[in-house]
2 protein chains.
Amino acid sequence: MSSRPTIKEVSKIAGVSFKTVSRVLNNEKHVSEETRRRVEEVVARLNFRPSHAARTLAGRKSFQVGLLYDNPSPYYIYHVQTGAQQRCTELGYRLLLQPIDSQSPDLVSNVLALIDETHLDGLILSPPVTEATALLDELDRRGLPYARIAPGIRQDAGMSTAMDDVAAAREMTAHLIGLGHRRIAMIRGLESHASSADRLAGYKAELEAHGIAFDPALVVAAENDFASGAAAARELLALKDRPTAIFAGNDDMAAGALAVAHESDIDVPGQLSIAGFDDSDLARAVWPPLTTIRQPVHELAAAAAELILSGTAPQPRVTLEHKLMIRASTGPVSR
Amino acid sequence: MSSRPTIKEVSKIAGVSFKTVSRVLNNEKHVSEETRRRVEEVVARLNFRPSHAARTLAGRKSFQVGLLYDNPSPYYIYHVQTGAQQRCTELGYRLLLQPIDSQSPDLVSNVLALIDETHLDGLILSPPVTEATALLDELDRRGLPYARIAPGIRQDAGMSTAMDDVAAAREMTAHLIGLGHRRIAMIRGLESHASSADRLAGYKAELEAHGIAFDPALVVAAENDFASGAAAARELLALKDRPTAIFAGNDDMAAGALAVAHESDIDVPGQLSIAGFDDSDLARAVWPPLTTIRQPVHELAAAAAELILSGTAPQPRVTLEHKLMIRASTGPVSR
DNA sequence: GCCTTATTTGACAGCGCTGGCAGAGCGCAA
DNA sequence: TTGCGCTCTGCCAGCGCTGTCAAATAAGGC
């Protein structure tokens with residue numbers, strides 16, 4: 001194995017002290033242009049890469065940020081990852097992706113272990129890890145910077161990025177009402193995800209704004225996945241007074257509802273409109289493609305990374321825009 | 001920020017030299033039972049976690065493995081990640097997830113930078129990074145252990161895990177032939193993915209085994225995603241002598257074909273059978289659910305991690321089983 | 001009981017880098 | 001001319017561990 005060059009070898013060839021090389025690598029000032037050029041030339045020629053471990057050990061920064069997640073949706077995770085990773089890379093940091101069980105009693109100690117072992121400079125929390133109060137308290141106590149994506153609690157504390165779930169759910173509900181629907185059902189997602197409650201609240205608020213009575217029988221709980229969405233839809237469609245539209249708390253559950261409609265030979269959107277939430281790849285892969293809310297997951301994650309890394313954040317709370325995506329799964333109510 | 005304890009503080013409290021603590025942490029022998037217990041007790045009490053950076057710098061191992069990927073499918077990536085991560089964690093290693101552009105001219109230098117910076121102990125390559133010969137050469141030159149998942153080239157060199165794409169495609173083709181289909185089309189995936197060619201080869205071989213003439217007009221290239229799969233299906237369905245079945249190289253493309261069938265009011269499987277490959281979540285989320293091949297992605301990644309980490313691998317090449325999943329998207333040919 | 005060998009522990013250097021500080025060289029005001 | 005402040009550079013300690021080697025102790029053989 002060809003042993004990698006060290007900062008000392010670089011300095012020897014460049015004819016300077018190794019501290020000067022360190023200065024060049026860290027872009028410190030007080031290095032003459034000429035010296036800098038010379039060092040950089042040698043660095044490039046030797047293909048020198050500073051040891052991350054040594055920098056971490058000697059300095060007080062590790063240039064590493066952790067991303068904690070515990071979300072079963074591959075699509076969501078993928079976009080959170082790429083969004084955060086992209087911005088971290090741009091800012092010269094490495095992102096450590098860390099799946100974790102947010103329900104585990106060892107959550108706090110597991111995360112602290114990660115922090116201590118890797119000397120993390122900051123942490124990005126995605127739902128539902130965002131709601132682990134014991135963890136938040138401990139991070140605050142340590143003074144470790146962290147940003148939360150779509151937190152459901154303590155929204156005014158610390159750094160966070162979010163979209164307006166209530167407003168988005170209102171928009172979707174308004175869209176359905178505008179199509180003539182009056183019996184609009186909701187499949188709500190997991191209690192542990194704060195956005196589920198917000199989406200339900202938006203749905204209720206918009207019904208009320210239009211003078212449509214809220215009917216608890218039209219709200220069924222599910223677990224954010226296809227199968228439970230399908231089960232919920234079956235329940236709804238067995239109702240005597242069937243809904244003419246179903247608004248699901250995410251696309252997976254909407255896809256489940258859509259499959260049930262197909263299997264029951266119910267035409268979508270002719271006899272039943274179905275709407276989702278998230279605009280995941282799935283929304284465009286099913287037939288008919290789902291009307292849904294585009295959630296800017298990638299951007300939310302990138303913004304969270306930026307909050308942590310760009311030092312003094314102007315505003316600790318960033319809200320990003322969603323967008324109603326109208327596709328073929330919703331249509332005018334039939335009479 | 002509460003400063004983390006170091007090995008020296010542990011040793012002071014336990015009343016031993018700090019080297020002895022190091023021995024306990026690394027599970028070395030030649031430590032008396034009593035000493036070990038005492039040290040472990042202090043470690044637990046102080047919640048001591050050894051600094052990863054210091055271990056890496058002082059020792060010759062970093063206990064880190066990299067996973068390189070460049071695949072646009074969230075499902076695939078997600079399962080590769082979780083499979084590899086799980087096994088790495090079990091074996092006491094950290095997994096560094098590294099998305100990378102496999103087509104970039106800087107691929108090799110980017111990967112070498114990663115290796116040098118983080119002192120990686122090994123590397124897992126997933127398709128299509130598996131085919132980057134310049135990278136493989138450089139890794140060989142350095143003697144860095146690496147394992148490839150589903151490599152398309154140099155299959156007998158180095159460590160790798162794979163499934164039998166040819167056999168799987170034959171099984172699927174045989175399934176369709178068994179249903180009475182004779183005009184079976186194939187939507188083939190990206191050239192850069194070796195498995196695409198294998199799946200095509202299996203399809204051809206099975207046709208031949210049944211004495212069915214291969215018709216090049218029935219093979220259309222696409223790019224592994226929904227949109228290109230839909231386009232390919234449109235092309236196939238516009239043929240004068242339409243196929244009665246379409247076998248797509250992955251589930252995304254099959255979903256695209258399925259959407260085209262819906263949009264053209266072609267009943268699936270009544271008038272057209274559609275089959276996919278991978279058994280991603282998508283296969284169960286569309287209607288009708290896709291007949292497909294279950295690819296053991298999670299297990300392939302876990303096995304790759306194990307090959308690298310378990311030292312002397314008994315067999316450097318691991319083949320895992322696939323499974324034909326028959327669902328509702330394929331049925332007997334109509335006459 | 002004395003020597004040999006195995007087991008258990010400690011002392012110390014050093015991994016590759018950053019932080020702190022001192023020193024050299026220079027320009028400029030007094 | 002002296003002194004002050006600036007820019008640039010080098011020296012050295014030390015981050016928290018592991019590797020190496022030697023020393024101390026226990027165990028076994030005759």
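Residue numbering restarts at 1 for every chain, and letters A, B, ... go by the order of the sequence lines.
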Inset, instruction - Could you tell me the separation between the NE2 atom of H30(B) and the C1' atom of dT20(D), rounded to a whole number of Å? - result: 14 Å
Inset, instruction - Measure the spacing between CD of E117(B) and CZ of R4(A) and express it to the nearest 0.5 Å. - result: 8.5 Å
Inset, instruction - Would you mind reading off the distance between K61(B) atom NZ and dG16(D) atom P, rounded to a whole angstrom? - result: 24 Å
Inset, instruction - Go through the N and O atoms of the side chain of R23(A) and the base of dG10(D), and report whether any donor-acceptor pair is under 3.5 Å. - result: yes
Inset, instruction - Specify the separation, in whole Å, of atom CZ of R60(A) and atom P of dC17(C). - result: 19 Å
Legend entry - Short side-chain N/O contact from T20(B) to OP1 or OP2 of dG10(C), under 4.0 Å: yes
Inset, instruction - For I7(A) and dT9(D), give me the distance from atom CD1 to atom P, rounded to whole Å. - result: 15 Å
Inset, instruction - Would you kindly compare L57(A) and V16(B) by the position of their nearest DNA chain C nucleotide and give the one closer to the 5′ end? - result: V16(B)
Legend entry - Integer-rounded Å distance: dC15(D) P and F18(B) CZ: 11 Å
Legend entry - Integer-rounded Å distance: dG20(C) P and E28(A) CD: 11 Å
Inset, instruction - Quickly work out the R55(B) CZ to dG19(D) P distance and round it to whole Å. - result: 9 Å
Inset, instruction - Report the nucleotide, chosen from dT9(C), dC17(D), dC15(D), that has the shortest atom-to-atom distance to any side-chain atom of V31(B). - result: dT9(C)
Inset, instruction - Tell me what T35(A) touches on the nucleic acid: a base, only sugar-phosphate, or nothing, going by heavy atoms under 4.0 Å. - result: sugar-phosphate
Legend entry - Pairing of R38(B) and E34(B) as salt bridge, 4.0 angstrom limit: yes
Legend entry - Distance below 4.0 Å between S17(A) side-chain N/O and dG10(D) OP1 or OP2: yes
Inset, instruction - Would you please confirm or rule out a distance under 4.0 Å between OP1 or OP2 of dT9(C) and any side-chain N or O of S32(B)? - result: yes
Inset, instruction - Run the salt-bridge test on K12(A) and E9(A) with the 4.0 Å N-O cut-off and return the result as yes or no. - result: no
Legend entry - Base dG19(D) to side chain K19(B), donor-acceptor N/O within 3.5 Å cut-off: yes
Legend entry - R94(A) bridged to D121(A) by N-O distance under 4.0 Å: no
Legend entry - Ring center gap for Y75(A) and H79(A) short of 6.0 angstrom: yes
Legend entry - Rounded interatomic separation in angstrom, taking CD from E33(B) and P from dT9(C): 10 Å
